Enquirer: 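Please find one structure pasted underneath; my questions will follow.
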Amino acid sequence: MLGLVVSGGDFDPPRRLEQWASRAAVVVAADSGAEHALRMGLPVHLVVGDLDSLSPEAQTQLQAAGTEFRTHRTDKDETDTELALRELMERGCDQVIVLCALGGRLDHTLANVFLLALPGLEDRALIASGDIEVRLVRRRARFNGAAGDLLTLLPLGADALGVKTEGLAYPLNAERLPAGYARGVSNVFTGEAAEVSLTRGTLLAVHTRTAAPEAEEE
């Protein structure tokens with residue numbers, strides 16, 4: 001079951017929005033992310049957070065549409081986006097796409113990216129914004145795109161060991177990517193797909209789509 005989280009970062013709908021929207025079983029908005037969801041034409045099933053940045057006009061519109069609201073205290077430990085992710089996890093979503101989670105305050109952007117490692121999410125979550133898709137790779141992953149797309153692989157927290165890649169211009173063959181170095185930045189797709197595997201560690205993978213949307217086949 002696919003669930004969408006709409007965060008309150010920059011409004012930058014992803015390329016695959018229509019595809020995901022048609023499959024999503026539930027849409028949860030994190031506070032002002034509900035306004036982004038409305039602009040994208042998404043049905044908002046639940047709004048969570050302290051509601052300190054959601055406009056009264058949007059709140060009225062959502063209430064009229066039957067949207068559920070779950071209000072939390074301002075002095076909480078979790079961000080609104082984390083609360084939204086936890087809602088989808090509790091509802092049994094086995095795939096989660098986070099929209100509008102990048103841009104704006106740097107600390108919020110970094111926190112949203114690090115939420116991909118939230119216990120229980122495993123490898124089920126993806127952040128999508130415009131041409132960019134961000135996910136974690138713990139053992140193996142396949143990326144579908146087009147020749148010329150960029151794929152950056154960055155070790156998260158510790159060295160990534162035994163890293164192998166296929167379908168990229170600068171291949172890795174059971175190699176070590178040390179934490180704190182930028183070696184894995186801006187590799188290039190040679191065809192329509194790339195594969196990444198590793199034996200130990202976690203990679204933060206950033207896929208930047210460079211081809212025109214109509215040229216992509218997925």
Side-chain angles (χ1 to χ4, degrees), residues 2-17 19-21 24 27-30 33 36-37 40 79-82 84-86 88-89 93-146 148-158 160 163 165 167-168 172 177 179-189 193-198 201-211 213 216 218:
L2 172 65
L4 301 182
V5 166
V6 187
S7 191
D10 286 350
F11 181 75
D12 195 6
R15 286 197 184 192
R16 294 199 279 168
L17 175 62
Q19 171 190 339
W20 290 323
V27 178
V28 179
H36 292 337
M40 290 185 284
T79 64
D80 294 337
T81 300
E82 180 177 342
L85 281 168
R86 291 187 179 278
L88 290 185
M89 292 165 62
C93 291
D94 55 10
Q95 184 182 10
V96 176
I97 311 295
V98 187
L99 311 178
C100 302
L102 306 181
R105 281 176 47 179
L106 178 60
D107 53 348
H108 279 280
T109 293
L110 292 174
N112 288 339
V113 171
F114 290 155
L115 282 173
L116 293 172
L118 192 66
L121 269 184
E122 299 170 344
D123 299 326
R124 296 182 291 163
L126 171 77
I127 291 176
S129 180
D131 296 332
I132 297 172
E133 297 177 6
V134 186
R135 60 192 284 196
L136 297 184
V137 182
R138 289 187 171 89
R139 285 297 173 262
R140 183 180 299 275
R142 178 183 174 89
F143 301 83
N144 296 315
D149 282 5
L150 302 178
L151 184 65
T152 288
L153 301 172
L154 297 173
L156 188 64
V163 181
T165 63
L168 296 173
L172 298 172
L177 287 181
Y181 290 81
R183 181 185 175 191
V185 171
S186 295
N187 214 327
V188 183
F189 278 55
E195 294 190 3
V196 177
S197 64
L198 65 160
T202 302
L203 289 169
L204 180 68
V206 182
H207 178 189
T208 303
R209 298 175 181 273
T210 62
E216 297 178 358
E218 291 200 32

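Since the model is a prediction, treat every value here as computed from it, not as a measurement.
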Enquirer: Is there a side-chain contact between Asn187 and Leu150, using heavy atoms and a 4.5 Å cut-off?
Expert: no
Enquirer: Below 4.5 Å, heavy atoms only, C-beta onward: do Leu136 and Leu204 meet side chain to side chain?
Expert: yes
Enquirer: Ignoring hydrogens and angles, tell me if any N or O in the side chain of Thr109 forms a donor-acceptor pair with the backbone of Gly103 under 3.5 Å.
Expert: yes
Enquirer: Please confirm whether the backbone N or O of Glu82 pairs with a side-chain atom of Thr79, one donor and one acceptor, at under 3.5 Å?
Expert: yes
Enquirer: With a 4.5 Å limit on heavy-atom distance, are the side chains of Ile97 and Arg16 in contact?
Expert: no
Enquirer: What do you reckon, is CZ of Arg140 surrounded by more than 12 foreign heavy atoms closer than 6.0 Å?
Expert: no
Enquirer: Can you confirm whether Val206 sits close enough to Ile132 that some side-chain heavy atom of one is under 4.5 Å from a side-chain heavy atom of the other?
Expert: yes
Enquirer: Contact between Val98 and Asn112 at the side-chain level, heavy atoms closer than 4.5 Å - yes or no?
Expert: no
Enquirer: Could you tell me how the ring of His207 sits relative to the ring of Phe143: parallel (under 30°), tilted (30 to 60°) or perpendicular (over 60°)?
Expert: perpendicular
Enquirer: Within the 4.5 Å heavy-atom criterion, are His108 and Ser7 side-chain neighbours or not?
Expert: no
Enquirer: Do Val185 and Leu154 touch side chain to side chain, with heavy atoms closer than 4.5 Å?
Expert: yes
Enquirer: Between Arg15 and Glu133, does any NZ, NE, NH1 or NH2 come within less than 4.0 Å of an OD or OE carboxylate oxygen?
Expert: no
Enquirer: Please check this pair: side chain of His36 against backbone of Ala29, looking for a donor-acceptor N/O pair closer than 3.5 Å.
Expert: no
Enquirer: If every non-hydrogen atom of Cys93 is compared with every non-hydrogen atom of Arg124, which pair is closest and at what distance?
Expert: O-NH1, 2.6 Å
